[in-house]
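All values below come from the heavy atoms of this structure, side chains included, with hydrogens, waters and symmetry mates left out.
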Amino acid sequence: MKRNRNFKFRISISTLVYLLLIVFTLDCSAQSVVADAARKERERRKNVRSTVTITGVTPAGASTTSPTTTAAPAPPPPVVKPVEPTDNKGRDEKYWRAAFQKARDDLKRSDEKVQLLEVKIKDLNTQLLRQSDIYNREYRLGPQITEAQKQLDDARKEAEQARQKITGLDDELRKSGGLPGWAR
């Protein structure tokens, strides 16, 4: 049994040596093929003529003589402005962002006014309950509370109109074909 194992091992080593020789031979032949291809490419590049067009502008240090110079300079390429997306009515993102920002500022201002007037009314009602003299309570604080309540109602209407304006701008933007991100 021991002899069979050694025999198999010897075959494996000899097979390995032969395989290494074959790989080495193939590698050397592949290198020569690559070298031949590189030589052929260099030859081809030498034979190809350059189609460079000189437009009258020479970089510093470059010679002005060339076998393929042209007499007239080529016209400069047209200036291309980047295309900015617009909606169906020609309004761009800048217009829409400004409109939405103004509407949001109006809404914020209206909401702050509502909060301020609510605090004022609460303060006046507290004063009305604390005062004991009838004159101040009925004749002075009563009209102030009524006026503040009227102002509060007006401020709430303004806030609602500002909310409707934002909704209307959203609808108008959508209908005019503008991008949804313009509303942010």
Side-chain angles (χ1 to χ4, degrees), residues 41 44-45 48-184:
E41 180 63 20
R44 186 189 68 81
R45 286 187 181 176
V48 173
R49 294 211 179 236
S50 175
T51 57
V52 175
T53 304
I54 298 177
T55 61
V57 178
T58 57
S63 65
T64 57
T65 59
S66 174
T68 59
T69 56
T70 58
V79 177
V80 179
K81 293 182 180 178
V83 178
E84 294 182 11
T86 57
D87 63 359
N88 297 341
K89 297 180 182 177
R91 296 175 290 196
D92 61 349
E93 179 179 5
K94 187 177 180 181
Y95 167 82
W96 284 107
R97 287 195 184 263
F100 274 98
Q101 188 61 42
K102 183 180 181 304
R104 282 189 206 100
D105 290 344
D106 290 344
L107 176 62
K108 184 178 178 183
R109 196 175 312 109
S110 297
D111 284 341
E112 289 173 353
K113 188 175 180 181
V114 166
Q115 290 175 354
L116 181 67
L117 288 171
E118 285 175 346
V119 169
K120 182 178 179 181
I121 288 175
K122 286 179 185 177
D123 184 46
L124 288 173
N125 283 331
T126 304
Q127 285 180 12
L128 181 68
L129 294 174
R130 286 187 182 169
Q131 296 232 344
S132 63
D133 57 344
I134 294 174
Y135 179 78
N136 281 335
R137 209 165 73 181
E138 292 178 9
Y139 295 111
R140 190 177 64 86
L141 293 177
Q144 287 179 355
I145 292 173
T146 305
E147 181 63 29
Q149 189 64 42
K150 182 181 174 196
Q151 290 175 355
L152 178 64
D153 292 339
D154 292 342
R156 285 183 177 158
K157 288 177 186 176
E158 286 177 20
E160 186 57 36
Q161 288 173 351
R163 283 186 189 86
Q164 289 175 355
K165 184 176 181 181
I166 290 175
T167 304
L169 279 173
D170 261 339
D171 291 341
E172 185 179 350
L173 174 64
R174 182 180 45 80
K175 289 177 184 177
S176 69
L179 299 175
W182 294 351
R184 294 184 185 135

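- Rounding to the nearest 0.5 Å gives a distance of 9.5 Å between CG of L141 and CG of D123.
- Across all their heavy atoms, A159 and L107 have their closest contact at O-CD1, 3.5 Å.
- Between K108 and D111 there is no side-chain heavy-atom pair separated by less than 4.5 Å.
- The distance from the NZ atom of K157 to the OG atom of S110 is 13.5 Å, given to the nearest 0.5 Å.
- The closest donor-acceptor contact from the side chain of R156 to the backbone of V114 lies at 3.5 Å or more, if one exists at all.
- Contact check on K102 versus D105 returns no salt bridge, with no Lys/Arg side-chain nitrogen under 4.0 Å from an Asp/Glu carboxylate oxygen.
- Atom CZ in R140 sits 8.5 Å away from atom CG in L124 (nearest 0.5 Å).
- Contact check for Q151 versus K120: side-chain heavy atoms found under the 4.5 Å cut-off.
- D106 and R163 are not joined by a salt bridge, as no carboxylate oxygen comes within less than 4.0 angstrom of a charged side-chain nitrogen.
- Considering every non-hydrogen atom in both R97 and G181, the closest pair reads NH2-O, 3.3 Å.
- One finds a salt bridge joining R44 and E41 here, because a Lys/Arg side-chain nitrogen approaches an Asp/Glu carboxylate oxygen to under 4.0 Å.
- Rounded to the nearest 0.5 angstrom, L117 CG and E112 CD are separated by 12.0 Å.
- Here the straight-line distance linking atom CG of L128 with atom CD1 of I121 works out to 12.5 Å at 0.5 Å rounding.
- The CG atom of L152 sits 11.0 Å away from atom CD of Q115, with the distance rounded to the nearest 0.5 Å.
- Residues W96 and Q101 are not in side-chain contact: their nearest non-hydrogen atoms beyond the backbone lie 4.5 Å or more apart.
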